[in-house]
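Here the structure is laid out as C-alpha cells; the discussion comes afterwards.
The first residue in the sequence is number 1, and the count goes up from there. Scope of the values below: all heavy atoms of this structure, side chains included, with no hydrogens, waters or symmetry mates.
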Amino acid sequence: MPSTAPQTAVITPTRLLPERLPYLIALHESLVRQQASAWQWILSLDGGDPKDIPSQIAQDGRVKVLALPKCGAAMTRNLALNLVDAPTVAFCDDDDVLPRASLSTRLRCLRTSGAAWVAGQIHNLYADGRSELRPSPVPPGRHEAGAVWTYVHSPKEPVPLGHTALLVETDYAVAVGGHGGFTQGEDYMYTASITGRAAGLVIPDVVYFYRDHADGQMTKETFYDVMEQRVRHFAMSQNAAIVRRAGREDPRMSRATSSAA
C-alpha cells in the first residue's frame, strides 16, 4: 500500500445496484493499475448500504466511503468533496473505467501547463471490448475562460466536454459550487462552471472509458429526454453569463478574428 499522501482523488457516486457491482469492481481494478500510485477513491453512496461494497474494495485503505440517504448524483458528488485529502480531484461513474495513465497524465499536464483545468478524450467502451473516440467539437490545446461552451451552438447538440474528462484543483471544484443542484444534467453545470471561469487545457490522450450498456444508465431511462435540452440550454446560458459578468470578450469573436488573419 502506498505510504505517500494522495495527489489525486477520484469521486464516484453509486447506489451499489447489484447488476452494477461487477462494473464497480472493474473500476477499482483500473484504479489499482494507475501509473499514479498516490490516489484516493471516495465512494459516495446514494442510498446504498455500505455492507454491499465488494470486499476487495472495502479492504483497500485508499478508499473512503460516504454513506448518504438517496439524494441524487449532484449532492453525492458535492458532499464527497468534504472527504477529499488530495489537492486535485476527478469524477468517475461507477460503471466506467480509467486507462492506466489517466490520472498521471492529467496531473502532470495540470502542474506543468499553468492551466486551471485539464480535460482528456473519452472513448465509448462496448461489451465486446472495442472502444472508439467519443467525438468532441473542442480541439486539443489551450482554451481561454468561457471558450469551451461556445463550440456548441444549440441545446440539441451534444455537450462539448464530459465532466469525467476533467481534472482540477480540489479547491477550484469547491469554489465553483461543484455540480450545482440539478437532478439531471448536473455534470453540464460542473463543466460550464469549471471551464467558464478560467483557462484550461484539452489534451489528445484518452483518459476515460465510458461503458455503453443497459444496466441502469440514466441516458437509457424514459424520462431522460424530457428535461435534457432545457438543462443544456441553462448550461449554455450559464457560460455566457460568466463571460459577460467577467467583462471578457466572447471567445467566438477572438476565434473569428484569428481565423480571418
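D94 has a carboxylate O that lies under 4.0 Å from a charged side-chain N of R20, or vice versa, which qualifies the two as a salt bridge. Ion pair R142/E144 flagged as a salt bridge, since at least one NZ, NE, NH1 or NH2 atom sits closer than 4.0 Å to an Asp/Glu carboxylate oxygen.
A donor-acceptor pair is defined here as one N or O able to donate and one able to accept, closer than 3.5 Å; no such pair exists between the side chain of D205 and the backbone of V207. N239 places no side-chain N or O within donor-acceptor distance of the main-chain N or O of A235, the cut-off being under 3.5 Å. Judged purely by atom type and a 3.5 angstrom limit, R134 has no side-chain atom pairing as donor or acceptor with the backbone of Q121. D187 contributes no side-chain N or O that, together with a main-chain N or O of H163, makes up a donor-acceptor pair within less than 3.5 Å. Between the side chain of S44 and the main chain of P13, no donor-acceptor pair closer than 3.5 Å is present. Remark: the backbone N or O of E169 is not paired with any side-chain donor or acceptor of T88 at under 3.5 angstrom. Although no hydrogens or angles enter the test, the distance criterion places a donor-acceptor pair under 3.5 Å between the side chain of R211 and the main chain of D95.
Every pair passing salt bridge (Lys or Arg N to Asp or Glu O under 4.0 Å) that includes a residue from residues 67-87 is listed here, sequence neighbours excluded: D46-K70, K64-D85, R77-D93, R77-E186.
Side-chain contact between S136 and Y151 is absent, with no heavy atoms from C-beta onward closer than 4.5 Å.
Atom CG of residue L31 and atom CD of residue Q40 lie 11.5 Å apart, to the nearest 0.5 angstrom. The distance from atom OG1 of T76 to atom CD1 of I42, rounded to the nearest 0.5 Å, is 12.5 Å.
Other residues, nucleotides and ligands place no more than 12 heavy atoms under 6.0 Å from the NE2 atom of H233. Atom CE of M75 sits in a sparse spot, with 12 or fewer heavy atoms from other residues, nucleotides or ligands closer than 6.0 Å.
No hydrogens or angles considered: a donor-acceptor pair under 3.5 Å links the side chains of S102 and R106. Defined by atom type and a distance below 3.5 Å, a donor-acceptor pair is present between the side-chain atoms of Q7 and R111.
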Walk me through it: do L161 and T191 pass the test side-chain contact (heavy atoms from CB on, under 4.5 Å)?
CA-CA 7 Å; L161 286 179; T191 303; 4.1 Å; yes

side-chain contact (heavy atoms from CB on, under 4.5 Å) assessment of W41 paired with I57:
CA-CA 10 Å; W41 190 22; I57 297 174; 3.8 Å; yes

May I have the step-by-step check of side-chain contact (heavy atoms from CB on, under 4.5 Å) for L66 and L79, ending in yes or no?
CA-CA 8 Å; L66 175 61; L79 293 181; 3.9 Å; yes

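The six-membered or imidazole ring of F182 lies away from that of Y188, with a centre-to-centre distance of 6.0 Å or more.
Of the listed residues (L107, V10, L103), just one forms a side-chain contact (heavy atoms from CB on, under 4.5 Å) with W39, and that residue is L103. Checked options L17, D96, D52, L16; the residue passing with L24 is L16 (criterion: side-chain contact (heavy atoms from CB on, under 4.5 Å)).
Relative orientation of the H143 and W117 rings is parallel, given thresholds of 30° and 60° on the angle between their planes.
Shortest non-hydrogen contact noted between Y172 and A116 is CD2-O, 3.8 Å.
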